[in-house]
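Taking it in order: structure first as structure tokens, then the write-up.
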There are 2 protein chains.
Amino acid sequence: MNKMVTLADVARAAGVSAKTASRVINGDPQVAPATRARVEAAVEALGYQVNVLARSLRRGHDNVVGVIVESVRDPFFSEVIGELEQLITPRGFTVMVASNTRGSGREREIVEGFIQRSLVGMIVTPQDADYSFLRSIRMPVVFIDRRPRNLDADVVLADDRGATLEGVNHLARYGHRSIALISDALDVQTVRNRYEGYLDAMREAGLPVDPSMVRIGCLDADMAEKETVDLLHLPQPPTAILSTRGETSQGVVRALHRHDATDVAVVSVGDFALADSVTPAITVLDHSPTLIGRYAAERLFARLDGESGHPITTTIPVPLIARGSGELPPRAAVSG
Amino acid sequence: MNKMVTLADVARAAGVSAKTASRVINGDPQVAPATRARVEAAVEALGYQVNVLARSLRRGHDNVVGVIVESVRDPFFSEVIGELEQLITPRGFTVMVASNTRGSGREREIVEGFIQRSLVGMIVTPQDADYSFLRSIRMPVVFIDRRPRNLDADVVLADDRGATLEGVNHLARYGHRSIALISDALDVQTVRNRYEGYLDAMREAGLPVDPSMVRIGCLDADMAEKETVDLLHLPQPPTAILSTRGETSQGVVRALHRHDATDVAVVSVGDFALADSVTPAITVLDHSPTLIGRYAAERLFARLDGESGHPITTTIPVPLIARGSGELPPRAAVSG
DNA sequence: GCGCCCGATGACATCGATGTCAACGATTGG
DNA sequence: CCAATCGTTGACATCGATGTCATCGGGCGC
């Protein structure tokens, strides 16, 4: 019954042209006070609401920022989104989200879907897709967490290799020689870098890399839990575990608690809820989602404000926060 | 340089009218195979991308579902969003999110902003705003977690009062008489209901409600932690704590661990990460975000598919999951 | 052989807001 | 007293895709 009220309706009610009504809506100062008041009264009376679609079509762009993450459910990414939203909203933009689930194969489809919406900009967590199709795009796009394949663009990254490197060093410093790795699947670049950091650090520390100690492919907490249990059942279990993601670390912690093996040292790349409340509290390499969001927004705004130079890579620090679990002595030392 | 390629460009390149090109894009069967092929070739050659804004303007609605939650960062809500996205995307809709931060006063503004975008539907976590302005809206709106003020609409709720009621009963069954409440602020209806459940259950169990045991207004984990510490320092500390939200429960747990008071029984309304891994594991009343998301999507789809009856309230169950912390005997019994 | 119907296609209007440009009355400077 | 200027305002075209309706050629039934 209440058909959409258009600007033309408002104009008619106020006895002016649509253009003038438009001026009032947009706060154009070039309108006589009396006219303005009449239009405003009409807007109020009719309950007029702008049609953003029409406006955006005319303007050529929609005041929306697209955010593509691996999974909205992952607390890491939901924190990124939260930070982005907090910074983006005050600029008058809305956030559109999409999860690019691992291996869905819909990566390009999702990105193109966003492009078709004439967004003002995008923040993307790339997976393995070929991004060369974005070569000549005009819309600013900032990549986070990983580099896009075949595209030179703004990226905000953590020092992944350095993180695991420091993790191993830290554990080695406390006497550990048998350090297991619980890792995500290697098809993600970030994961590969962390894996390399682990290998390099082990080599540099002169520690042997036992293949049975390296558990690749733990996609979630449950899989990490299973692998950890498996590690504990080895004839020679590891004395320390380095987990490369907050989510997998939760699985590791759960396994250790259920099997009374909390004397195994743990270092997690990525903080997570209650990491500081379990016993012992978990030592983490703080791969901060907040910082990633903040810097990504900064890059995006710079481009929106007209910055035009070469693509920039922002690398965020990954400080180690010692809480106890990473400073445990090796088990053998305890029993010996 | 690469100006936007329009349907007219494609049509020109294929030697047909814009309308025919449009038909091909939309899979209209009324197109001769040869013509279709020519148009598809032109689309490919020019790298044409539909302009969704124009399409949506013409169609009168945009294939986007708006989701408004209290905070994207809250794992509870990010799980809701994740579930919604998973169900909504296969229908060809995209998700637009907004956080309606407590007390921001921007509630109506956010909702109206979404309305102006001609969305196909909305899922809203209402706060205290007066929602009567949505009386005559045509777009389907489903409210979650709380009822909107002054509006009769589809709502998906948990049995909040029943949850805390059961929580208190559970603790009382294990012998607790001094049960503290760590609660969010009472300006949220959900919270009020949980508060009432606590009061009613205490009364029914014949337990006195000591005002110093009731801590209202814990907005986040930190505040809950502080209040918990304060409770522990009372001359007569509680032997059990009922926390009304996953997030506040994390603060409670942290406080108990830091103050070696893990013999205080805990029941949390709302599950949270690692609740099952701390020692003792936390007994929860599983206020499931996944279910809320699922039922909300179901409601929305029903309305989109033309269902037109009276507003429906869906109440989801809040089962108790005993994990240990809620089954501890009262401290006094231990020491006495 | 004539008229009807159907598949295929296009011309044109339309969705609602806004950019462009011109018009108009009033004021001001010379 | 005329022209230049300024503040207001509106007519019209436009953004890009699509709904409506008409057209056109040909196959088919009688």
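A note on names: the letters A, B, ... follow the listed sequences, proteins ahead of strands, and every chain is numbered from 1. If you're wondering where the values come from, they're calculated on a predicted model, not measured in any experiment.
Inter-axis angle, ends of the helix from C:dG1-D:dC30 to C:dG30-D:dC1, five pairs per end, rounded to 10 degrees: 50°.
A heavy-atom distance below 4.0 Å to DNA chain C is reached by these residues of residues 27-43 of chain B, ordered by number: B:Gln30, B:Val31, B:Ala32, B:Thr35.
Counting only residues at least two apart or on different chains, no salt bridge (Lys or Arg N to Asp or Glu O under 4.0 Å) pair has a member in residues 17-29 of chain B. Applying the ring pair (Phe, Tyr, Trp, His ring centres under 6.0 Å) test to pairs two or more places apart or on separate chains, those with a residue in residues 44-84 of chain B are B:Phe76-B:His287.
Take B:Asp160 and apply the salt bridge (Lys or Arg N to Asp or Glu O under 4.0 Å) test, not counting sequence neighbours, and it matches B:Arg194. Every salt bridge (Lys or Arg N to Asp or Glu O under 4.0 Å) that A:Asp62 has, sequence neighbours left out, goes to B:Arg117. A:Gln49 pairs by the side chain to side chain contact (heavy atoms under 4.5 Å, CB included) definition with B:Glu112, B:Gln116, not counting sequence neighbours. Residues meeting the side chain to side chain contact (heavy atoms under 4.5 Å, CB included) test with B:Pro148, sequence neighbours left out: B:Pro126, B:Tyr131, B:Phe143, B:Leu151, B:Val155.
A close approach under 4.0 Å does occur between a side-chain nitrogen or oxygen of A:Thr20 and OP1 or OP2 of D:dG10.
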For nucleotides 15-19 of chain C, give me every protein contact, N/O to N/O, under 3.5 Å, one pair per line with atom names.
| unit_1 | atom_1 | unit_2 | atom_2 | d |
| --- | --- | --- | --- | --- |
| C:dA17 | OP1 | A:Tyr48 | OH | 2.4 |
| C:dA17 | OP1 | A:Asn51 | N | 3.4 |
| C:dA17 | OP2 | A:Leu7 | N | 2.4 |
| C:dT18 | OP1 | A:Arg55 | NE | 2.5 |
| C:dT18 | OP1 | A:Arg55 | NH2 | 3.2 |
| C:dT18 | OP2 | A:Ser22 | OG | 3.0 |
| C:dT18 | OP2 | A:Asn26 | ND2 | 3.2 |
| C:dT18 | O2 | A:Arg58 | NH1 | 2.6 |
| C:dG19 | N7 | A:Lys19 | NZ | 2.8 |

Pick out the pairs of N or O atoms, protein on one side and nucleotides 23-27 of chain D on the other, that lie under 3.5 Å.
none

Can you give me every donor-acceptor pair (side chain of residues 290-297 of chain B, partner residue at least two apart or in another chain, under 3.5 Å) with its distance?
| unit_1 | atom_1 | unit_2 | atom_2 | d |
| --- | --- | --- | --- | --- |
| B:Thr290 | OG1 | B:Glu79 | OE2 | 3.4 |
| B:Arg294 | NE | B:Glu83 | OE2 | 3.3 |

Determine all donor-acceptor pairs shorter than 3.5 Å in which one atom belongs to a side chain in residues 88-98 of chain B; sequence neighbours excluded.
| unit_1 | atom_1 | unit_2 | atom_2 | d |
| --- | --- | --- | --- | --- |
| B:Thr89 | OG1 | B:Glu85 | O | 2.7 |
| B:Arg91 | NH1 | B:Asp305 | OD1 | 3.2 |
| B:Arg91 | NH2 | B:Asp305 | OD2 | 3.4 |

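A donor-acceptor pair under 3.5 Å links the side-chain atoms of B:Ser56 to the main chain of B:Val52, judged by distance alone. A donor-acceptor pair is defined here as one N or O able to donate and one able to accept, closer than 3.5 Å; no such pair exists between the side chain of A:Arg146 and the backbone of A:Thr190. Under the 3.5 Å distance criterion, the side-chain polar atoms of B:Ser99 are matched with a main-chain donor or acceptor of B:Val72.
Residues A:Pro311 and A:Asp152 approach most closely at CG-O, 3.5 Å, considering heavy atoms.
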